[in-house]
Number of protein chains: 2
Amino acid sequence: MANIQEVARKAGVSVATVSRVINNYSGVTERTRQKVEKVIEELNYEPSMLGRNLRTLESKLILVLIPSISNPFYTEIINGIEETAINLGYNILLCETDSNPEHEQRYFGLLKKRMADGIISMDPAVNKAKLAELAESYPIVQCSEYDEDINIPYVTINNELAAYQAVKHLVKLGHEKVALISSDERYLYARERKCGYERALNEFGITANEAFIYHTESISFEYGQHAMRKLLDLKDRPTAVFALSDILAIGALKEINSSGLLVPKDIALIGFDKISFSNMTYPALTTVAQPMFKMGAAATNMLINRIKGMRVESMVMEHELIIREST
Amino acid sequence: MANIQEVARKAGVSVATVSRVINNYSGVTERTRQKVEKVIEELNYEPSMLGRNLRTLESKLILVLIPSISNPFYTEIINGIEETAINLGYNILLCETDSNPEHEQRYFGLLKKRMADGIISMDPAVNKAKLAELAESYPIVQCSEYDEDINIPYVTINNELAAYQAVKHLVKLGHEKVALISSDERYLYARERKCGYERALNEFGITANEAFIYHTESISFEYGQHAMRKLLDLKDRPTAVFALSDILAIGALKEINSSGLLVPKDIALIGFDKISFSNMTYPALTTVAQPMFKMGAAATNMLINRIKGMRVESMVMEHELIIREST
DNA sequence: TTGAAAGCGCTAACAT
DNA sequence: ATGTTAGCGCTTTCAA
């Protein structure tokens with residue numbers, strides 16, 4: 001494993017010149033450059049990031065905090081983050097918090113130990129206070145899930161409007177008995193989407209029926225099934241359901257099918273997120289698409305700008321209602 | 001951001017002693033240790049991985065090569081890798097190759113540039129020749145997908161036996177017309193599973209019908225749909241289908257449902273992998289479970305042992321047929 | 001038990 | 001246009 005010294009010696013130049021060549025700096029004659037490049041080739045020299053990183057005091061690594069890697073909601077965002085990061089010379093460290101404060105703490109430690117240059121947080125359960133404190137010393141941006149109260153830039157969509165449009169779509173289809181399968185209202189997106197749901201109903205003079213609003217304890221599939229079971233057990237059951245996420249909607253769908261009812265004939269169903277599986281169900285889910293890839297890309301650009309010391313502005317991106325077979 | 005020098009000065013000791021304390025070395029008096037720890041606390045000192053990594057010539061990072069992060073097949077393996085890596089003081093860099101040689105090349109470069117200490121390859125489309133060459137200089141292990149011809153340790157399951165058992169299950173249920181939805185036979189697992197399929201049929205005196213074997217071009221959902229369409233269009237159509245992966249099976253399931261047929265009444269269906277979504281379909285898929293988490297953990301232990309210079313042995317782990325609603 | 005000092009591989013300020 | 005040199009923050013050898 002050759003190092004910069006050996007290259008310099010063998011090429012008959014100084015290490016500074018070799019450094020200039022490998023970093024493509026100007027001010028090296030073509031002749032010298034070629035001489036150095038030839039030796040680099042011969043020795044199979046690869047510059048060590050370890051030396052460079054210590055010298056420049058950066059790791060070229062970005063932490064991406066997500067609750068769980070198995071949640072397909074994050075995959076497209078991660079793709080957006082990754083592509084952008086790579087283009088800008090960074091790599092990403094995917095950090096699963098499992099909504100566990102200890103794991104979170106461990107990843108924060110990685111930042112303090114200079115193992116990473118910044119954080120993109122997508123974890124709705126993150127400790128906002130700790131994140132805010134950390135943000136005073138380190139570059140951090142929030143993506144998708146965010147908290148307005150803490151002073152950390154974010155990229156998100158208008159959840160209230162998206163939910164409003166989804167429910168309006170159901171109402172326009174003739175549904176008056178529209179249920180909501182919501183998750184924990186500790187999360188901002190849940191509160192916002194519920195507002196949109198209520199606004200749509202109010203606008204059409206429909207009184208929101210409390211029995212039609214179900215809060216799940218967790219966002220996993222089984223809880224969608226369970227919620228739907230409860231809604232189907234009502235003497236006066238809903239004719240349409242808006243689920244806060246595709247995963248919950250897919251759980252609901254399975255429960256509806258198991259009851260021998262048909263979607264959308266007996267019950268219309270809308271999800272949220274447009275995860276890839278929302279297209280694989282029978283019938284395919286109507287859902288709300290977030291511009292995942294772009295959101296990830298934007299968050300990454302923001303973070304890297306912060307790393308470089310620039311100020312950045314939060315942004316709200318456009319969503320889209322995707323009407324498919326389930327409504 | 002305090003460094004080790006400041007801590008040493010403020011504590012009135014040498015940097016060597018501070019280093020001993022932060023690394024929990026013996027041979028430091030309790031009095032000295034406490035003095036140093038007090039100063040570390042006061043200065044909020046966090047040792048820099050950058051300095052340590054250069055000094056020890058390691059990055060404490062492991063590359064995990066997967067074709068795509070959106071394939072749920074990998075999530076549990078990754079969890080196993082991650083947990084084990086963290087326990088041993090490593091972090092993982094998830095690398096999506098998209099089966100693109102350029103991306104692959106880029107990740108190999110990360111290893112050469114000392115940005116990572118080793119590779120766990122799970123990419124069936126990886127360039128085996130390049131991987132083998134790299135393995136001569138760097139620690140590498142293969143997980144799940146492997147190539148016996150190159151001298152790189154691997155952890156896998158007995159794919160032939162698993163497929164044999166799955167198909168045998170179908171035959172015992174009375175099915176004689178069992179179709180196979182296979183993927184590209186360039187991949188070892190596809191060839192092995194096909195062997196198992198044929199062995200099971202042969203054992204029961206059933207002649208494999210060439211028309212019942214369909215090779216998809218890609219492993220995504222839509223190709224499962226398409227394959228099933230072709231199988232349904234046969235004048236003499238199969239009564240059972242063994243798909244090489246759950247994703248293909250889920251595509252097949254959607255196509256069967258769309259045709260107004262019922263699973264398992266009209267057609268029985270088996271997948272492979274036990275991805276989380278295989279339980280969310282209606283009906284839930286019968287499938288073959290690989291011990292994903294354990295495989296990831298084992299691969300990681302093997303890799304880290306290699307990094308430490310030890311020799312390691314390949315291993316074959318146990319699978320399990322999970323009988324659910326679709327058969 | 002503790003300290004002094006070298007050095008990991010690189011970049012960049014400064015000198016020529 | 002090129003070279004000399006200091007030093008990023010740490011670990012580790014050797015000496016005391």
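Here is how names work: the chains are called A, B, and so on, in the same order as the sequence lines, proteins then strands, and each is numbered from 1.
Residue A:R114 is out of contact with every strand shown, counting any heavy-atom pair closer than 4.0 Å. Within 4.0 Å (heavy atoms only), B:L54 reaches at least one base atom of the nucleic acid. Among the atoms of the strands shown, base atoms are found under 4.0 Å from some heavy atom of B:V15. Counting non-hydrogen atoms under 4.0 angstrom, B:N23 reaches the backbone sugars and phosphates but no base. Counting any heavy atom pair closer than 4.0 Å across all strands shown, B:I4 reaches a base atom.
Nucleotide C:dT2 holds its P atom 10 Å from the CZ atom of B:R33, rounded to whole Å. Distance A:R55 CZ to C:dT11 C1': 4 Å, rounded to the nearest Å. Distance, A:R9 CZ to C:dG9 C1': 14 Å, rounded to whole Å. Atoms CD (A:E6) and C1' (C:dC10) sit 14 Å apart, rounded to a whole Å. Atom OH of B:Y45 and atom P of D:dG9 are 10 Å apart (whole Å). In this structure, the CG atom of B:L43 is 15 Å from the C1' atom of D:dG9, given to the nearest Å. Following rounding to the nearest Å, B:Q5 (CD) and C:dA6 (P) show an atom-to-atom distance of 14 Å. Atom CE in B:M49 sits roughly 16 Å away from atom C1' in D:dC8 (whole-Å rounding).
Counting heavy atoms of neighbouring residues, nucleotides and ligands inside a 6.0 Å radius, atom NZ of B:K294 does not exceed 12 of them. Atom CD of A:E42 sits in a crowded spot, with more than 12 heavy atoms from other residues, nucleotides or ligands closer than 6.0 Å. The environment of B:I219 atom CD1 is sparse: at most 12 non-hydrogen atoms of other residues, nucleotides or ligands sit within 6.0 angstrom. Crowding of A:N151 atom CG: a count of heavy atoms from other residues, nucleotides or ligands under 6.0 Å not exceeding 12.
Set against C:dA13, C:dC8, C:dG3, the side chain of B:L57 has C:dC8 as its closest nucleotide. Looking at the side chain of B:P47, the nearest of the listed nucleotides D:dC10, C:dC10, C:dG3 is D:dC10.
For D:dT11, the OP1/OP2 oxygens have a side-chain nitrogen or oxygen of B:S19 closer than 4.0 Å. A close approach under 4.0 Å does occur between a side-chain nitrogen or oxygen of A:S14 and OP1 or OP2 of D:dG3. For the pair A:R52 and C:dT11, the criterion of a side-chain N or O lying under 4.0 Å from OP1 or OP2 is met. For D:dA1, neither phosphate oxygen OP1 nor OP2 lies less than 4.0 angstrom from any side-chain nitrogen or oxygen of A:T32.
In this structure, B:E76 CD and B:N79 CG are separated by 4.5 Å, a value rounded to the nearest 0.5 Å. With values rounded to the nearest 0.5 angstrom, A:E102 atom CD is found 12.5 Å from A:T97 atom OG1.
Where B:G51 and B:Y25 each meet DNA chain D at their nearest nucleotide, the meeting point lying more 5' is that of B:G51. Taking for each of B:T29 and A:S48 the nucleotide of DNA chain C with the nearest heavy atom, the 5'-most of the two is the partner of B:T29.
Contact of A:R20 with D:dG3 (side chain to base): a donor-acceptor pair of N or O atoms is detected under 3.5 Å.
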